[in-house]
2 protein chains.
Amino acid sequence: MTLSEENYLKAIYHLEQLSGSGVSTNALAEEMQTKASSATDMVKKLADKQMLIHVPYQGATLSDAGRSHAVKVIRKHRLWETFLVEKLNFKWDEVHDVAEQLEHIKSEKLIDELDRFLEFPKYDPHGDPIPDKNGKFNTIEKITLTQALENKSYRCIGVKDDSSQFLKYLDSNQIGLGTSFEVVHKEPFDQSVKIKLKDKELVVSQSVAKNLFLETL
Amino acid sequence: MTLSEENYLKAIYHLEQLSGSGVSTNALAEEMQTKASSATDMVKKLADKQMLIHVPYQGATLSDAGRSHAVKVIRKHRLWETFLVEKLNFKWDEVHDVAEQLEHIKSEKLIDELDRFLEFPKYDPHGDPIPDKNGKFNTIEKITLTQALENKSYRCIGVKDDSSQFLKYLDSNQIGLGTSFEVVHKEPFDQSVKIKLKDKELVVSQSVAKNLFLETL
DNA sequence: ACCTTTTTTTAGTTTTGTCTAAAAATATAA
DNA sequence: TTATATTTTTAGACAAAACTAAAAAAAGGT
Ligand SMILES: [Mn+2]
Ligand SMILES: [Mn+2]
Ligand SMILES: [Mn+2]
Ligand SMILES: [Mn+2]
């Protein structure tokens, strides 16, 4: 698998998770920031390599081999992100781009030893589950802040958007993984949410609310 | 700098160190395990990018920018090798191929934090000096076992050949970095050397002797 | 100096991954 | 159902990095 093929596999895996079904050429091109014709080319190549099934005009569906490889790349990405934060003083908004490079390093021993070195972490710095050596990982149900109820308390356990912009916004408002707060008010007009954390009140927009994963306290 | 350009820069740097002068196209092709025509293509490209000076039919000489970049890649290679051995339970014969991949990861913060995490090591697992952030590194004079004198004692401080084959040979004979021994006899007929280490005597061939770096005790 | 061998460069091709433009298939909507 | 819009695929081109084959330059030997 080349670097490019791995990135496409990861993108297809991601889109399959979101939609629950096959992945359209346009959606894939959009996700990969490229043209539909390029996506078609790669889908055909990956179909040749038995990584997915492609029915022309009907989209692509990962094979077991393709899904397994995608999960391996995701495992590497999340382990490296964890390493960068835990050992190399990176902030959670600085790790993604470097992990995008590191996830393509080829060495089974490297990644398994890294896993051991980090003491087999279950979640990465953004709250995403880390697949183990066999590709298994936790999928606890997470709600977003848009789904939370007034006067109830929650803990932040993940982010849907892991862009540097969003993460820095959270930092500047003292919200991180593990942060607990109470939902004070949900504004019907613009779907903004007022929360109380550490005795401070804060209003967050809908764009923020829908990207915060919570667990009920 | 692309991965390929970086590998060529490293090779040219290496050959310049060995010969002390400019690098011929053939030597470069040999080092890179490729054809002379490919070497010419890349030398021209690197000359365009001001990484080296190329006089047709006269070979290539690194510019300051080229040498500086080569040293940066070498710094990364050696820091990663150190990380693999110190933290991830790799043996010294297992690190090279993985480091060849890791040395191309682009992130200044990554490598400087790795350096700090490893507590600014001065030498890699093969005894090669690690350039610091500014590209400076120790160049202590090293002799090879072929140059050692009878009835004198030495300590192994490096290897010239870092192939897995050679390193495994050393392992199986209990020779590693820091190992001390006495030179018992130098055989004029075939340049083999008999040494005494930990009360055991061992005869090593000339091929072995010329790849072992020593310091006088 | 002249011929031969070796080294280096040039010219043209291949593969991978991208692109634009155009054609074909599918979806939508009057 | 038929026209229109959208999506997807095909066709052809390009850049990077490799290759082979051939031409050109330099080095060696007599
Ligand atoms: Mn990430
Ligand atoms: Mn992550
Ligand atoms: Mn090495
Ligand atoms: Mn080394």
Side-chain angles (χ1 to χ4, degrees), chain A residues 1-13 15-16 18-62 66 69-70 73 100-101 103-106, chain B residues 1-13 15-16 18-62 66 69-70 73 100-101 103-106:
Chain A
M1 290 292 110
T2 67
L3 182 144
S4 198
E5 288 166 353
E6 287 190 338
N7 284 334
Y8 271 94
L9 277 183
K10 216 174 35 148
I12 296 165
Y13 179 87
L15 294 169
E16 264 189 357
L18 288 185
S19 70
S21 68
V23 173
S24 78
T25 302
N26 253 11
L28 181 56
E30 164 75 20
E31 175 82 9
M32 289 297 295
Q33 303 267 62
T34 185
K35 301 300 155 108
S37 50
S38 302
T40 300
D41 287 346
M42 186 55 88
V43 161
K44 281 180 169 176
K45 197 178 165 199
L46 290 171
D48 278 352
K49 293 197 175 189
Q50 321 262 37
M51 290 291 121
L52 52 78
I53 287 150
H54 179 222
V55 184
Y57 295 99
Q58 299 296 127
T61 315
L62 288 178
H69 197 94
V73 176
E100 284 292 309
Q101 299 178 62
E103 72 188 4
H104 302 291
I105 302 291
K106 278 152 191 57
Chain B
M1 290 290 109
T2 67
L3 182 145
S4 197
E5 288 166 354
E6 287 190 338
N7 283 334
Y8 271 94
L9 277 183
K10 217 175 35 150
I12 296 166
Y13 178 87
L15 294 170
E16 265 188 357
L18 288 184
S19 71
S21 68
V23 173
S24 78
T25 303
N26 254 9
L28 181 54
E30 164 75 20
E31 176 82 9
M32 289 299 294
Q33 302 267 63
T34 185
K35 301 298 156 101
S37 50
S38 302
T40 299
D41 287 346
M42 186 55 88
V43 161
K44 281 180 170 175
K45 197 176 164 200
L46 290 171
D48 278 352
K49 294 197 175 189
Q50 321 261 34
M51 289 291 121
L52 52 79
I53 288 152
H54 179 220
V55 184
Y57 295 99
Q58 299 296 127
T61 315
L62 288 178
H69 197 95
V73 176
E100 284 293 309
Q101 300 178 62
E103 72 187 5
H104 302 292
I105 302 291
K106 278 153 191 56

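In what follows, chains carry the letters A, B, and so on, assigned in the order in which the sequence lines appear, proteins first and then strands, with residues in each chain numbered from 1. All values derive from a computational prediction rather than experimental measurement.
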Fill in the blank from the handout: With sugar-phosphate taken as primed atoms, P, OP1 and OP2 and all else as base, the protein-contact string of nucleotides 20-26 of chain D at under 4.0 Å (heavy atoms; B, S, -) is BB--BSS

Practice task
Report the residues that fulfil salt bridge (Lys or Arg N to Asp or Glu O under 4.0 Å) with B:Lys44, sequence neighbours left out, ordered by chain and then residue number.
Solution key: none

Practice task
Starting at atom CG of B:Leu28, determine the distance to atom C1' of D:dA18, rounded to an integer number of angstrom.
Solution key: 14 Å

Exercise for the section: Report yes if the side chains of A:Met1 and A:Met51 come closer than 4.5 Å at any heavy-atom pair, otherwise no. Expected result: yes

Problem - Between C:dT16 (C1') and A:Tyr8 (OH): distance, integer Å - result: 12 Å

Exercise for the section: Write down the distance between CE (B:Met32) and P (C:dT8), rounded to a whole number of angstrom. Expected result: 16 Å

Problem - Candidate nucleotides D:dA18, D:dT8, C:dT18, ranked by approach to the side chain of A:Ser24 - the nearest - result: D:dT8

Problem - Test side chain to side chain donor-acceptor pair (under 3.5 Å) applied to B:Gln101 - qualifying residues, sequence neighbours left out - result: none

Practice task
Name the nucleic acid region contacted by A:Thr40, choosing base, sugar-phosphate or nothing; use a 4.0 angstrom heavy-atom cut-off, strictly under.
Solution key: base

Handout entry: Under the side chain to side chain donor-acceptor pair (under 3.5 Å) test, residues paired with B:Glu6 that sit two or more places apart
Key = B:His69, B:His104

Polar-atom pairs under 3.5 Å, protein N or O versus N or O of nucleotides 3-5 of chain C: list them with distances, or write none.
none

Practice task
Quick one: list whatever passes side-chain contact (heavy atoms from CB on, under 4.5 Å) with B:Gln58, sequence neighbours left out.
Solution key: B:Val55

Handout entry: Short side-chain N/O contact to C:dT9 OP1/OP2 from B:Thr25, under 4.0 Å
Key = yes

Problem - Student check: side-chain heavy atoms of B:Leu9 and B:Val73 closer than 4.5 Å - result: no

Practice task
Please identify each residue that fulfils side chain to side chain donor-acceptor pair (under 3.5 Å) with A:His54, with sequence neighbours left out.
Solution key: none

Exercise for the section: Write down the distance between CD (B:Glu30) and P (C:dT7), rounded to a whole number of angstrom. Expected result: 11 Å

May I have the list of side-chain donor-acceptor pairs in residues 23-37 of chain B shorter than 3.5 Å, sequence neighbours left out?
| from | atom 1 | to | atom 2 | distance (Å) |
| --- | --- | --- | --- | --- |
| B:Ser24 | OG | B:Ala27 | N | 3.1 |
| B:Glu31 | OE2 | B:His14 | ND1 | 3.0 |

Exercise for the section: Respond yes when some side-chain nitrogen or oxygen of B:Asn26 is under 4.0 Å from OP1 or OP2 of C:dT6, and no when none is. Expected result: no

Problem - Distance in angstrom units between B:Asp48 CG and D:dA15 P, rounded - result: 15 Å

Exercise for the section: Give the rounded distance in Å between these two atoms: CG of A:Asn7 and C1' of C:dT16. Expected result: 15 Å

Exercise for the section: Report the residues that fulfil side-chain contact (heavy atoms from CB on, under 4.5 Å) with A:Ser19, sequence neighbours left out, ordered by chain and then residue number. Expected result: A:Ser21

Handout entry: Rounded distance (Å) that lies between atom C1' of C:dA11 and atom NZ of B:Lys44
Key = 10 Å

Exercise for the section: Check whether any side-chain nitrogen or oxygen of B:His54 sits under 4.0 Å from OP1 or OP2 of C:dT9, and answer yes or no. Expected result: yes

Fill in the blank from the handout: Between CE of B:Met42 and C1' of C:dT8 the distance, given in whole Å, is 17 Å

Practice task
Go through C:dT9, D:dC19, C:dT18 for me and flag the one nearest to the B:Asp41 side chain.
Solution key: D:dC19

